[in-house]
2 protein chains.
Amino acid sequence: MLETVTPMKTAEASDALPETARKGDAEKRGRKASKEVRRLQLIEATIDSLAKRGYAETTMADVADGAGLSRGIVNFHFESKEKLLIATLQHMYDEYSAHWRTSLQKAGDDPARQLQHLVWADFDRSICNKRKLAAWLAFWGEAKSRPTYQALSSSRDAYYQQVFIDLCATLKQSGNYTYDPQVIALALSAMLEGLWLRLMMGTEDTTRETALQAANAFLAAAFPKHFG
Amino acid sequence: MLETVTPMKTAEASDALPETARKGDAEKRGRKASKEVRRLQLIEATIDSLAKRGYAETTMADVADGAGLSRGIVNFHFESKEKLLIATLQHMYDEYSAHWRTSLQKAGDDPARQLQHLVWADFDRSICNKRKLAAWLAFWGEAKSRPTYQALSSSRDAYYQQVFIDLCATLKQSGNYTYDPQVIALALSAMLEGLWLRLMMGTEDTTRETALQAANAFLAAAFPKHFG
DNA sequence: CACCATTTGTTGAACATTCATTCAATATGG
DNA sequence: CCATATTGAATGAATGTTCAACAAATGGTG
């Protein structure tokens with residue numbers, strides 16, 4: 001009855017599982033593997049629930065049901081509901097972090113190209129899809145009143161912001177722009193988050209394509225010599 | 001014991017009460033007035049609670065306590081918790097709407113000035129303060145999973161967006177810009193929301209002043225002939 | 001290999017707590 | 001005295017957590 005191959009909930013879910021966690025082959029690979037697999041399975045179910053029901057309506061029972069497991073299981077793998085949510089947030093944060101760092105590395109040495117790739121990374125399907133955006137928004141809504149969430153909930157951290165500032169400073173020099181790099185970097189990163197927000201809300205007029213267009217328009221306006 | 005003058009919770013709270021709701025003089029002005037006064041009082045207490053505890057932790061008891069009234073009072077003036085929250089959201093939506101419309105009217109006929117005033121309006125203290133931003137964020141976090149909230153929760157509605165698009169189109173003509181007005185309007189309004197988001201989150205490096213700087217930098221970059 | 005003891009994973013019911021809602025009793029203004 | 005507003009305790013539903021029982025895997029031992 002239980003263990004009916006445990007298929008993934010949605011197609012999207014699989015893009016967040018590391019290769020070692022694929023179900024078909026690693027399902028019964030012993031306790032040590034299973035422990036990590038279960039944790040990821042529950043984290044994915046938590047993201048599902050957050051996306052579907054929102055933070056306030058996400059319940060332990062719903063997460064367990066979503067994972068196809070019994071009620072008490074979550075308190076075994078995570079100690080409490082709060083720790084499950086923190087682990088989920090950490091998971092999403094790590095994924096986002098790894099993603100833009102990889103994108104940046106792949107961009108090579110040209111700063112304009114690097115900035116372009118950073119912007120593109122934000123709208124990549126693996127990061128920027130309804131399910132995960134909804135989960136992010138659910139966390140953001142609670143972050144201000146929960147100190148534990150604050151550090152993790154602005155997926156773009158201080159280091160990310162610094163990378164933006166440095167890139168803007170470099171472009172300023174090579175393009176003879178007059179802006180304050182710190183200010184223009186803030187405008188740029190804020191716009192990216194704002195576009196995310198629109199996608200999260202599901203406003204009709206904003207799709208991943210139009211959001212990318214808007215981001216490119218900003219780059220062209222702010223750095224005409226590089227993105228004309 | 002009860003009715004100890006019922007002072008306002010925070011200094012900020014008073015900026016959202018219409019003039020007829022000031023406590024000192026209108027406190028005991030009869031039933032008809034009292035009804036509306038009570039509703040506003042409870043709505044303000046709800047905003048307080050949302051800002052302090054977040055959506056998930058906001059309880060009827062907390063709202064009642066915050067207003068200095070008894071537990072059962074909320075279900076008398078509002079039918080249920082959900083209706084209280086909807087009324088609160090509607091209140092904030094109306095206030096935001098009225099604010100930018102007034103700002104736009106005061107700007108006169110020059111489109112550049114109008115755009116400038118719209119941007120400024122977003123960072124006015126009466127709209128853009130910790131308490132209300134936190135309450136907005138709390139609603140946003142739940143909006144996607146609650147159809148009832150969706151229409152009201154993106155404080156910037158379709159008409160607001162259209163005003164932006166029209167202004168950008170006008171400026172494009174008079175300045176010979178090459179952008180698509182719709183795209184640049186999206187970039188601009190998304191940046192404004194993103195700046196709000198940063199202020200909501202309480203990121204250290206973003207204050208109302210730096211946010212305004214960033215917004216101005218965007219205008220200067222996108223419309224150099226008008227905001228150079 | 002077979003057998004059993006031990007550790008680990010899982011279940012589902014019981015429990016305690018929190019919270020929205022109801023409502024009979026009471027207070028207050030007209 | 002009537003209509004309305006307000007109170008605060010009672011109620012019931014929802015939900016996070018605990019735990020005793022059960023299942024499965026592991027590892028040693030003959």
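Here is the naming used below: chain letters follow the sequence lines, and residue numbers restart at 1 for every chain.
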Item checked: Nearest-angstrom distance from the residue atom CZ of F76(A) to P of dA13(C) -> 20 Å
Check: Which one of W196(A), Y149(A), Y55(A) satisfies the side-chain contact (heavy atoms from CB on, under 4.5 Å) criterion with W140(A)?
Finding: W196(A)
Side-chain donor-acceptor distances from residues 99-106 of chain A under 3.5 Å, at least two apart:
from	atom 1	to	atom 2	distance (Å)
T102(A)	OG1	A98(A)	O	2.7
S103(A)	OG	H99(A)	O	3.4

Atom pairs under 3.5 Å: protein N/O with N/O of nucleotides 16-23 of chain C:
from	atom 1	to	atom 2	distance (Å)
dA20(C)	OP1	K81(B)	NZ	2.8
dA20(C)	OP2	T59(B)	OG1	3.3
dA20(C)	OP2	M60(B)	N	2.9
dT21(C)	OP2	N75(B)	ND2	3.4
dT21(C)	OP2	K81(B)	N	2.9

Note to self: Tell me the interatomic distance from R39(B), atom CZ, to dA5(D), atom C1', rounded to whole angstroms.
What the structure shows: 15 Å
Next item on the list: Applying salt bridge (Lys or Arg N to Asp or Glu O under 4.0 Å), name anything that partners R146(B), two or more places apart in sequence or on another chain.
Entry: E57(A), E142(B)
Margin query: Can a donor-acceptor pair be found, under 3.5 Å and without considering hydrogens, that links the side chain of R208(B) to the backbone of F123(B)?
Written below: yes
Check: Is the number of heavy atoms from other residues, nucleotides or ligands within 6.0 Å of CD (Q162(B)) greater than 12?
Finding: yes
Checklist line | Interatomic distance, R53(A) CZ vs dA14(D) P [rounded to whole Å] | finding: 13 Å
Check: Rounded to whole angstroms, how far apart are NZ on K83(A) and C1' on dG16(D)?
Finding: 14 Å
Check: In whole angstroms, how far is the C1' atom of dC22(D) from the CD1 atom of I73(A)?
Finding: 13 Å
Check: Roughly, in whole Å, what's the span from CG in L84(A) to C1' in dT17(D)?
Finding: 14 Å
Note to self: Let me confirm one number: the CE-CG distance from M191(A) to L186(A), rounded to the nearest 0.5 Å.
What the structure shows: 11.5 Å
Item checked: Separation of atom CD in Q41(B) from atom P in dA5(D), rounded to whole Å -> 14 Å
Margin query: With a 4.0 Å cutoff (strictly under), does any side-chain N or O of K35(B) reach OP1 or OP2 of dA5(D)?
Written below: yes
Margin query: Please report the distance, rounded to the nearest Å, between CZ in R38(B) and P in dT4(D).
Written below: 17 Å
